[in-house]
2 protein chains.
Amino acid sequence: MKSTPESTADRILDLAQNLIQTRGYSWFSYQDISTALGIRKASIHYHFASKAALGIAVLDRYVAHFGGELRKIAADPKHTARKMLEFYFEPYLHFARTPDQVCLCGALAGEMLALPPEMREGVDRFFRAHQKWLADILKRGAARGEFTLAAPPAKTARLFFGALQGALLVKRTTGDPAEMRDVVEAIRAQLDAKARG
Amino acid sequence: MKSTPESTADRILDLAQNLIQTRGYSWFSYQDISTALGIRKASIHYHFASKAALGIAVLDRYVAHFGGELRKIAADPKHTARKMLEFYFEPYLHFARTPDQVCLCGALAGEMLALPPEMREGVDRFFRAHQKWLADILKRGAARGEFTLAAPPAKTARLFFGALQGALLVKRTTGDPAEMRDVVEAIRAQLDAKARG
DNA sequence: GTCTATACAAAGATAGAC
DNA sequence: GTCTATCTTTGTATAGAC
């Protein structure tokens, strides 16, 4: 696919993203990147004037990428709401299979007070966008009779989104790969539970 | 109640805990405590030889405190399972009313790789204990006909625990105090949903 | 674009006086 | 128990040569 050799700037971005997802923003340094890429710290400053600039660039790319994915999934008329949800689960299940990696914004949320303002806003937008997307899908699925919702779509979306992000946090600690699988299965079960009242 | 004047060591512990819950372990320094308490950095080292020792002391106290609370709640035969759950929600709702505070272990989980081994183990034990406690309560409530579970107790416990921890993470970012309230309401609704299949 | 060299601040920690 | 003074390391960042 992408056979274009990556520029140094891109390699820095990739590495920085990975480091943030595994260690956190405040816990990676130019030195880490310098070592991994075999160039000097000063050279990184040539591409990204400050750590804040680098962080913002990583976050913007991530937010744009997932924003596009969500739009694509929701726009495809072939998909059932359930299928869309399954697409949504995928990155979470992927992260859950790695020992330390979490969602970039989940990692950043844990250190909000240490982030430059632009990054805080980016994380905030990401969270709101995902909760809204989930709420829309749940509403759609309920309207089609695919799902049974025990609570209004917006609240259920918050429950599920929190659970997915929370599961990443927990699995990083306990190291149990079943954590995320169980959460996803529990979500499916909640939605399949038929007829209440 | 507790009119005993706090020792310096206790005041350091209290302050350190609060700082970890609002900023994170790697983001508080002896200098912060020094300034707040009006003593020098070196004096803190007299009470806690290292930052790791201080962190471990804070965590042990926290884990012991909540461990005791959970045991007390679960042991009281007067309580319904639903009432026990409501007790469990309380600290989360409390944290959610503050702008930046989260569960101590939730904060620490976000920076596992930066923690001394003893702290990692403490967080791990905390998470496992809470998930097990929740699973027990859910099982008990289901057996008594108080709850309807769409998934097995252990998986449902992971869903709910993740959602509560995740909601703290999200509310710290979005600043929306309704985040936790919505999640708690959604959990209640899931459990109240009657008769499936 | 990458390098060497360096500035500057903040952190955790220790020694020893009081 | 608390202080002053100091050490050591690490981090971000800049200047200027190549």
Side-chain angles (χ1 to χ4, degrees), chain A residues 4-59 107-108 110-120, chain B residues 4-60 107-108 110-120 122:
Chain A
T4 322
E6 267 189 328
S7 67
T8 301
D10 283 337
R11 278 190 291 159
I12 293 172
L13 281 173
D14 291 344
L15 205 47
Q17 176 175 332
N18 197 287
L19 285 166
I20 295 174
Q21 287 185 272
T22 51
R23 291 197 225 162
Y25 176 75
S26 17
W27 278 83
F28 87 93
S29 68
Y30 273 37
Q31 185 60 57
D32 295 324
I33 296 179
S34 162
T35 304
L37 250 53
I39 60 175
R40 302 277 115 179
K41 285 195 290 176
S43 308
I44 304 170
H45 280 282
Y46 170 80
H47 298 282
F48 299 94
S50 68
K51 188 177 176 179
L54 174 53
I56 292 165
V58 168
L59 179 55
L108 294 173
E111 37 187 352
M112 280 302 273
L113 298 176
L115 303 182
E118 293 99 320
M119 290 187 75
R120 296 190 204 185
Chain B
T4 321
E6 267 189 328
S7 66
T8 302
D10 283 337
R11 278 190 292 158
I12 293 172
L13 281 173
D14 292 344
L15 204 47
Q17 177 175 332
N18 196 287
L19 285 166
I20 295 173
Q21 287 184 272
T22 50
R23 290 196 226 161
Y25 177 75
S26 17
W27 277 84
F28 88 93
S29 68
Y30 272 37
Q31 186 60 55
D32 295 324
I33 295 179
S34 162
T35 305
L37 251 53
I39 61 176
R40 303 277 116 179
K41 282 196 295 174
S43 308
I44 304 170
H45 279 284
Y46 170 78
H47 297 283
F48 299 95
S50 69
K51 188 177 177 181
L54 174 53
I56 291 165
V58 168
L59 179 56
D60 282 350
L108 294 173
E111 37 187 353
M112 281 301 274
L113 298 177
L115 302 182
E118 294 99 319
M119 291 187 75
R120 295 190 204 184

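Below, chains carry the letters A, B, ... as their sequence lines are ordered, and counting in each starts from 1.
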Next item on the list: Output the residues of residues 39-53 of chain A in contact with DNA chain C, where contact means a heavy atom of the residue under 4.0 Å from an atom of the strand; sort by number or write none.
Entry: A:I39, A:R40, A:A42, A:S43, A:Y46, A:H47
Check: Which residues satisfy the side-chain contact (heavy atoms from CB on, under 4.5 Å) test with B:D10, sequence neighbours excluded?
Finding: B:E6, B:S7, B:L13
Notebook entry, point to check: Are any non-hydrogen side-chain atoms of A:W27 and B:L113 less than 4.5 angstrom apart?
Noted result: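 No; the side chains remain at least 4.5 Å from each other.
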Hey, does the side chain of [X] reach the backbone of [Y] with a donor-acceptor pair shorter than 3.5 angstrom?
X: B:D32; Y: B:S29; value: yes
X: B:Y25; Y: B:L115; value: no
X: B:R23; Y: B:F28; value: no
X: B:E111; Y: A:G24; value: no

Next item on the list: Would you please name every residue forming a side-chain hydrogen bond (donor to acceptor under 3.5 Å, both in side chains) with A:T22, sequence neighbours left out?
Entry: none
Notebook entry, point to check: How close do A:F48 and A:A57 get, heavy atom to heavy atom, and via which atoms?
Noted result: CE2-CB, 3.9 Å
Distance-only donor-acceptor pairs under 3.5 Å for side chains of residues 34-42 of chain A, two or more places apart:
unit_1	atom_1	unit_2	atom_2	d
A:S34	OG	A:I39	O	2.5
A:T35	OG1	A:Q31	O	2.9
A:T35	OG1	A:Q31	NE2	3.3

Next item on the list: List in numerical order all residues of residues 19-27 of chain A for which some heavy atom is under 4.0 Å away from an atom belonging to DNA chain D.
Entry: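 Heavy-atom contacts with DNA chain D come from no residue of residues 19-27 of chain A; none.
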Check: Between which nucleotides of DNA chain C, 5' to 3', does chain B make heavy-atom contacts below 4.0 Å?
Finding: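 So the outermost contacting nucleotides come out as C:dA11 to C:dA15.
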Check: Roughly how far, to the nearest 0.5 Å, is the CD1 atom of B:I44 from the OG1 atom of B:T8?
Finding: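 So the gap between those two atoms works out to 10.5 Å.
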